[in-house]
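Report on the following structure.
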Amino acid sequence: MKKALLVVTGLFSVMMLCSVVLADKGEDSKYSTEEIMKKGFKGGLVAKLAKGEADEEQTKLVITMLESLAKNEPHKGSEESWKEKTTALIKAAKATAEGKEDGAAALKKAMNCKACHEEHK
Ligand code: HEC
């Protein structure tokens with residue numbers, strides 16, 4: 001009995017450790033926030049979409065990245081604000097991809113690095 005309990009406690013600790021290491025990446029999320037920031041934001045992919053210069057593949061990648069970002073947990077700040085910001089990004093990116101008139105302007109507004117970093121980074 002004691003042994004079984006030890007095994008269970010051991011497994012549980014491993015699981016806890018894993019979830020700490022992977023905390024940057026939410027459930028069903030394909031990309032970690034770090035990857036999204038490096039490739040999508042700093043790398044300029046999101047900006048490319050906002051400028052109307054992204055090809056189909058890049059556009060899809062940006063949308064997948066933003067959907068992943070919404071599933072990830074921010075480092076700090078409220079869940080509501082994170083949801084609001086990431087949802088606005090997805091909505092604007094989709095509108096841009098569909099060629100909607102105000103899509104790009106909305107995306108430029110939503111991809112405000114400083115506003116989001118101040119609250120969530
Ligand atoms: C919707 C919110 C949001 C927006 C918009 C955003 N960021 Fe971030 N960014 C974050 C969060 C949260 C982190 C901390 C993530 C981490 O380090 O795990 C971060 C971290 C970063 C990092 C450090 C990544 C690392 O860990 O190495 C860079 C670089 C970065 N952002 C660049 C940008 C740039 C450039 C823009 C604007 C063009 C931008 N971000 C817009 C939320 C955002």
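Numbering of ligands and ligand atoms starts at 1, following listing order.
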Subject >> Listed once per pair and sorted, the salt bridge (charged side-chain N to carboxylate O under 4.0 Å, His left out) pairs that draw on residues 37-54, sequence neighbours left out >> reply: Glu34-Lys38

Original post:
Could you state the interatomic distance from CG (Asn112) to CD (Glu119), rounded to the nearest 0.5 Å?
Top reply: 11.0 Å

Original post:
Does the side chain of Gln58 reach to within under 4.5 Å of the side chain of Leu49, using non-hydrogen atoms?
Top reply: no

Subject >> Residue pairs, two or more places apart or on separate chains, that pass salt bridge (charged side-chain N to carboxylate O under 4.0 Å, His left out) and touch residues 90-116 >> reply: Glu67-Lys94, Glu98-Lys100, Lys114-Glu118

Subject >> Contact residues of ligand 1, where a non-hydrogen atom lies under 4.0 Å away >> reply: Asp24, Thr33, Glu34, Met37, Lys38, Phe41, Lys42, His75, Trp82, Leu89, Ala110, Met111, Asn112, Cys113, Cys116, His117, His120, Lys121

Original post:
Considering residues at least two apart in sequence or located in another chain, which fulfil the salt bridge (Lys or Arg N to Asp or Glu O under 4.0 Å) criterion with Glu84?
Top reply: none

Subject >> Val62 vs Phe41 side-chain heavy atoms within contact, under 4.5 Å >> reply: no

